[in-house]
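A short worksheet on the structure shown next.
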Amino acid sequence: MSDCLFCKIAAGDIPSAKVYEDELCCAFRDIAPQAPTHILVVPKEHIGSCAEITDANAALVGHIFTVIAKIAAEEGLTGGYRVISNVGADAGQSVPHLHFHILGGKRMPDQMV
Ligand code: 5GP
Ligand code: ZN
């Protein structure tokens, strides 16, 4: 999608602090971190949110989760971490391109969830 922020970041058209990239996805540091480690993992293909995960792109999403585990290990998140994907307005999704937040490096609040 030509006017999608995360499509542009994934393509390298907008700079970001990338920590991982392969042919299917990339990961970069969130511009407004909410934890000592706050990384976003996105598919290079435009998918709007988890609501658009189908049999056709499920393998890509599975791949992204293997990448999440690798990044968490590389970032030294041995105490654990949280993976979040906001879907739609009620969840506060602000960028309409599927992304998984990796949050770690501190004890997360007991709520949510
Ligand atoms: P959402 O609110 O959709 O779940 O998450 C979007 C995330 O993208 C937010 O945490 C926000 O800080 C981050 N973000 C928004 N614009 C940019 C940007 O231009 N670069 C980076 N690295 N992160 C961004
Ligand atoms: Zn996009």
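As the structure is a computational prediction, the values presented were derived from the model and not from experiment. All ligand and atom numbering here is 1-based and tracks the order in the structure.
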CD/E74 to OH/Y20 distance, rounded to the nearest 0.5 angstrom?
-> 8.5 Å
Any heavy atom of Q34 under 4.0 Å from ligand 1? The part involved is neither
How many angstroms lie between atom CD1 of I39 and atom SG of C26, to the nearest 0.5 angstrom?
-> 11.5 Å
Run the numbers for me: atoms of ligand 1, each under 4.0 Å from some heavy atom of V95, listed by number.
-> 3 (O), 6 (C)
Hey, does the side chain of K70 reach the backbone of F65 with a donor-acceptor pair shorter than 3.5 angstrom?
-> no
Which residue supplies the protein heavy atom nearest to atom 16 (N) of ligand 1, what is that atom called, and how far is it?
-> L5 CD2, 3.4 Å
In terms of hydrophobic clusters joined by side-chain contacts under 4.5 Å, are V61 and I102 together?
-> yes
Which bit of I84 is near ligand 1, meaning a heavy atom under 4.0 Å away: side chain, backbone, both or neither?
-> neither
Any heavy atom of S94 under 4.0 Å from ligand 1? The part involved is both
Nearest heavy-atom approach of M108 to A35 is CE-CB, 4.2 Å
Would you call E75 and R29 a salt bridge, using N to O less than 4.0 angstrom?
-> yes
Q93: numbered ligand 1 atoms lying under 4.0 Å from its heavy atoms | 3 (O)
When you measure from atom 14 (N) of ligand 1 to each heavy atom in I31, I9, V87, L103, which option holds the nearest one?
-> I31
With a 4.0 Å heavy-atom cut-off (strictly under), which part of I14 contacts ligand 1: side chain, backbone, both or neither?
-> neither
With a cut-off of 4.0 Å, which atoms of ligand 1 are near a heavy atom of G92?
-> 2 (O)
Which class fits the ring pair H38 and H101: parallel under 30°, tilted 30 to 60°, perpendicular over 60°?
-> tilted
Taking atom types as modelled, is there a side-chain donor on D22 or H63 under 3.5 Å from an acceptor on the other?
-> yes
Hey, what do you get for CD (Q93) to CG (L98), rounding to the nearest 0.5 Å?
-> 8.0 Å
Where does F6 meet ligand 1, judged by heavy-atom distances below 4.0 Å: at the side chain, the backbone, both, or neither?
-> side chain
Atom 22 (N) of ligand 1: the protein heavy-atom neighbour that sits closest, reported with distance to 0.1 Å | R29 O, 2.9 Å
Nearest non-hydrogen protein atom, atom 1 (P) of ligand 1 = H99 NE2, 3.2 Å
In H46, what N, O or S atom is nearest to the Zn ion (ligand 2), if we give its atom name?
-> ND1
Determine yes or no for a side-chain-to-main-chain donor-acceptor pair under 3.5 angstrom, with N57 supplying the side chain and E52 the backbone.
-> yes
Nearest neighbour in protein (non-hydrogen) for atom 13 (C) of ligand 1 = D30 OD2, 3.3 Å
Subset of ligand 1 atoms that lie under 4.0 Å from at least one heavy atom of A32 | 12 (O)
Spell out, as yes or no, whether a donor-acceptor pair under 3.5 Å connects the side chain of T37 to the backbone of G105.
-> no
Check ligand 1 against H101 and write out every atom of the ligand that is under 4.0 Å from a heavy-atom position of the residue.
-> 1 (P), 4 (O), 5 (O), 7 (C), 10 (O)
Atom name of the N, O or S atom of H97 nearest to the Zn ion (ligand 2) is ND1
